[in-house]
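To start, the structure under review is shown below, and the notes come after it.
These numbers come from a predicted model, not from an experiment. Below, read A as the first sequence line, B as the second, and so on, with proteins coming before strands; counting in each chain starts at 1.
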Amino acid sequence: MTAVNPLLQDLQHRGLIAQTTNEEELNELLNSGAVTLYCGFDPTADSLHLGHLVPLLMLKRFQDAGHRPIALVGGATGLIGDPSFKDQERQLNSAEVVAQWGDCLKAQISRFIDFSGDEGAVLANNYDWTAGVDVLSFLRDVGKHFTVNKMIAKESVKQRIDREGAGISFTEFTYQILQSYDYQQLNSRYGCTLQIGGSDQWGNITGGIDLTRRMNGAHVHAITLPLITKSDGTKFGKTEGGAVWLDPKKTSPYAFYQFWLQTPDADVYRFLRFFTFLPVEQIAAIERADAERAGRPEGQRVLAQEVTKLVHGEAGLEAAERITQALFSGDTSALSENDYEQLSLDGLPSSMLLAEELVEKPLTTLFAEAGMAKAGREVKDALQRNAVVINGRNVGLDQNMAAAELFDSNNALFDRFFLVKLGKKKHHLFMI
RNA sequence: GGUGAGGUUCCCGAGUGGCCAAAGGGAUCAGACUGUAAAUCUGACGCGCGAGCUUCGGUGGUUCGAAUCCACCCCUCACCA
């Protein structure tokens, strides 16, 4: 029995390993020196989202442990669409759009992984080795290694094949061959011997392992990461606004920080292990301390701080905490004119008001348009329950038509700011 | 191609001529309680501050009146070929 690899052990303690190829061999591989490993990210949008964060951080964990990660942007696979566990055929995106999205992902990934240095990490794009391949070569050289029988048997496409009325196009069916080809190529080009990915990628990954053995005669490995679940069964990583993005323009550091801060107790320590680099012992200590102390736990705050810092940097975290402090301390009187300007810059939702538009406009419409509620009805409900506060003053439904008066410059802070709170958590800054 | 079942408001799902903006559940939003947590309880939940306006696969029709009846069409599912 060889020594247990510390990285592998840490990953196990964190619950970050769903499946692996032969564990003994994997352990030996990691003990034998620097390993080159890869993880693919398909450009399906102009930004990565929380679902990508765990694999991305995983690459970093390996890099920190002295291994060499390859971040693969799926410029080619993104054109095809991964059918794994999807119940419906997906809409194809145009080549220009996918290329542009791919560039966005590259920029984001670069903030997590260090690509400098000759022996450093590699940023690759599978478009580079697929775009030029002609159909006949591909079918003869690569396709010949796959049996349709095996491809059909994969769990990831099973529901699409079994189920009547669903179906799968040849295009998407081919996806697993393309991803397998990536592994084989990365093995040839960079000596890559380990692939990581979400547990839904197991089928695609094993295809790559087989292909690499057949074409390169190389014995390569894989680790899959668990699907991140929430204790209440709802989907992780979603808010009212949809996905939580890593791009600060799409999800502000403040909104990002708030997302983590609102993590249920039942999930917070697990998420600390998944999404931060804090040692597992320290996380366990936080959990113990929280359990012993009555009242508000520390876990959420630590989680929000750590992950926001990781994704948005010190400055992003500071901005998020600045807003949070101002809005949730209950004391906004301490804010200076400069602070209000900063709130908007820091990512607090804000909008401009035009005096002439306020005369006929009910608050319900005004706040719904500002994005504080989905429909005027929700604002009405909040007004009825005294849940709307403008600059510290409660506003009721009887003032619904009094927008012009409420937002008069005489009532403004520093002659132009209005901080509106709807419910306990929704804040919006209006400026005149 | 044949036969049978069905398409209802975000989702599931009741509703078969007026009492239906449409039961019930879920999701969502707000309130209470708390810790910006969970659980629980309360309210809202097509759109509109309101008067009112627009919905029940589509198009036409019957009727004072249709989600509900009729005709045609579109789509889904099941079984058979």
Side-chain angles (χ1 to χ4, degrees), chain A residues 87-89 159 162-167 229-242 244 252-272 286-287 289-305 307-308 320-332 348-349 357-390 394-407 419-428:
Chain A
D87 56 3
Q88 270 191 330
E89 183 82 12
Q159 56 175 323
D162 286 354
R163 203 170 147 228
E164 278 197 44
T229 55
K230 276 173 59 181
S231 52
D232 62 3
T234 57
K235 209 166 177 204
F236 168 78
K238 294 268 189 257
T239 60
E240 326 130 46
V244 177
S252 74
Y254 163 66
F256 189 86
Y257 180 88
Q258 284 289 322
F259 170 84
W260 293 106
L261 199 64
Q262 289 167 42
T263 304
D265 291 3
D267 295 321
V268 69
Y269 308 104
R270 207 160 42 94
F271 287 180
L272 277 166
I286 295 171
E287 184 169 6
D290 281 347
E292 282 163 20
R293 181 172 358 96
R296 183 185 207 147
E298 277 291 284
Q300 280 86 344
R301 198 178 57 79
V302 176
L303 179 66
Q305 285 177 338
V307 188
T308 306
E321 290 193 311
R322 198 155 51 227
I323 300 182
T324 297
Q325 175 61 26
L327 299 183
F328 290 90
S329 68
D331 180 24
T332 48
L348 179 69
E357 281 181 8
L358 294 177
V359 181
E360 289 292 313
K361 194 172 270 188
L363 295 181
T364 47
T365 308
L366 182 65
F367 295 154
E369 282 176 356
M372 298 187 76
K374 285 197 209 70
R377 191 99 206 171
E378 287 185 2
V379 180
K380 184 186 168 189
D381 184 49
L383 284 168
Q384 270 169 341
R385 288 163 167 272
N386 250 319
V388 176
V389 179
I390 301 177
N394 279 78
V395 180
L397 187 58
D398 53 326
Q399 290 169 94
N400 191 30
M401 295 309 292
E405 191 185 320
L406 290 164
F407 289 101
L419 199 52
V420 177
K421 184 168 83 139
L422 193 161
K424 268 183 289 199
K425 299 174 199 167
K426 291 178 185 169
H427 300 266
H428 197 100

query: Across the strands shown, which category fits A:Q300 at heavy-atom distances under 4.0 angstrom: base, sugar-phosphate, nothing?
result: base

field: C1' spacing across the pair B:U36 / B:C45, given as an integer number of angstrom
entry: 24 Å

field: For A:T324 against A:L261, the heavy-atom pair lying closest together
entry: CG2-CD2, 4.5 Å

query: With side chains defined as the heavy atoms from C-beta onward, is the minimum distance between A:V302 and A:Y269 less than 4.5 Å?
result: no

field: Under 4.0 angstrom between A:R377 side-chain N/O and B:A44 OP1 or OP2
entry: no

task: Look at A:R385 and B:A44 and indicate whether a side-chain polar atom (N or O) is within less than 4.0 Å of OP1 or OP2.
output: no

field: 5′-ward residue of the pair A:G295/A:M401 relative to RNA chain B
entry: A:G295

query: B:A30 phosphate, OP1 or OP2: any side-chain N/O from A:K426 under 4.0 angstrom?
result: yes

- prompt: Which is true for A:K380 with a 4.0 Å heavy-atom rule: it touches a base, it touches only sugar-phosphate, or it touches nothing?
  reply: sugar-phosphate

message: Is it the case that the base of B:G31 and the side chain of A:N386 share a donor-acceptor contact (distance under 3.5 Å, atom types as modelled)?
response: no

- prompt: Using atom P of each nucleotide, how far apart are B:A66 and B:U59 to the nearest Å?
  reply: 15 Å

field: Touch class at under 4.0 angstrom, heavy-atom based, for A:A373 against every strand present
entry: nothing

task: With heavy atoms under 4.0 Å as the rule, sort A:Q262 into base, sugar-phosphate or nothing.
output: base

- line: Pairing partner of B:U63, by Watson-Crick or G-U wobble and under 3.5 Å for both distances, is none

query: Picking from B:G48, B:C33, B:A30, which would you name as closest to the side chain of A:K424?
result: B:C33

query: Do the ring planes of A:F236 and A:W260 sit parallel (below 30°), tilted (30 to 60°) or perpendicular (above 60°)?
result: tilted

Nucleotide nearest A:N400 (side chain, heavy atoms from C-beta), chosen from B:A44, B:C49, B:U28: B:C49

message: Partner lookup for B:C72, please. Criteria are Watson-Crick or G-U wobble with both distances under 3.5 angstrom; report none if nothing qualifies.
response: B:G58

- request: State the pairing partner of B:G1; accept Watson-Crick or G-U wobble contacts with both distances under 3.5 Å, and report none otherwise.
  value: B:C80

query: How far does the P atom of B:A27 sit from the matching atom of B:C19, given to the nearest Å?
result: 31 Å

message: My understanding is that a pair needs two contacts under 3.5 Å, Watson-Crick or G-U wobble. By that rule, which nucleotide pairs with B:A44?
response: B:U28

Atom-to-atom span, CG of A:L406 to C1' of B:C49 - whole angstrom: 14 Å

message: What contact category does A:A266 fall into here, base, sugar-phosphate, or nothing, at under 4.0 angstrom with non-hydrogen atoms?
response: nothing

query: Would A:E298 and A:R293 pass as an ion pair if we require N to O under 4.0 Å?
result: no

- request: Identify the heavy atoms of A:Y257 and A:E321 that sit nearest to each other, and give their distance.
  value: OH-OE2, 3.3 Å

- prompt: Distance between the C1' atoms of B:U8 and B:G15, in whole angstroms?
  reply: 9 Å

- request: Check whether any side-chain nitrogen or oxygen of A:T365 sits under 4.0 Å from OP1 or OP2 of B:C49, and answer yes or no.
  value: yes

- prompt: Say you pick atom C1' in B:A5 and the same atom in B:A37; how far apart are they, in whole Å?
  reply: 46 Å

query: Within this structure, what is the NE2-to-P distance between A:H427 and B:U36, rounded to whole angstrom?
result: 11 Å

task: Could you work out the separation of B:G13 and B:G6 based on their P atoms and round it to a whole Å?
output: 13 Å

- prompt: Nearest-Å distance, CH2 (A:W260) to C1' (B:A37)?
  reply: 15 Å

- request: Could you pick out which residue, A:L261 or A:G376, lies toward the 5' side of RNA chain B when each is mapped onto its nearest nucleotide?
  value: A:L261

field: Distance in angstrom units between A:Q384 CD and B:G48 P, rounded
entry: 14 Å

- prompt: Below 4.0 angstrom from OP1 or OP2 of B:A37, is there any side-chain N or O of A:K425?
  reply: yes

statement: Across every strand shown, the nucleotide meeting Watson-Crick or G-U wobble geometry with B:G35 (both distances under 3.5 Å) is none

message: Distance check needed: B:G46 C1' versus A:K374 NZ, whole Å only.
response: 14 Å

message: From CZ of A:R296 over to C1' of B:U34, roughly how many Å is that when rounded to an integer?
response: 11 Å

query: Mind checking the P distance from B:U55 to B:C47? Whole angstroms is fine.
result: 15 Å

- prompt: Are any non-hydrogen side-chain atoms of A:T229 and A:R270 less than 4.5 angstrom apart?
  reply: yes

message: If I pick the P atom on B:G1 and the same atom on B:C20, what distance separates them, to the nearest angstrom?
response: 43 Å

query: How long is the line joining NZ of A:K361 and C1' of B:G48, in whole Å?
result: 14 Å

query: Would you say A:V268 and A:P297 make side-chain contact, with heavy atoms under 4.5 Å?
result: no

- prompt: Taking atom P of B:C49 as reference, at what distance in whole Å does atom CD of A:E378 sit?
  reply: 13 Å

message: Between A:K230 and A:F271, is there a side-chain heavy-atom distance shorter than 4.5 Å?
response: yes

A:T263 side chain near B:A37 phosphate (N/O to OP1/OP2, under 4.0 Å): no

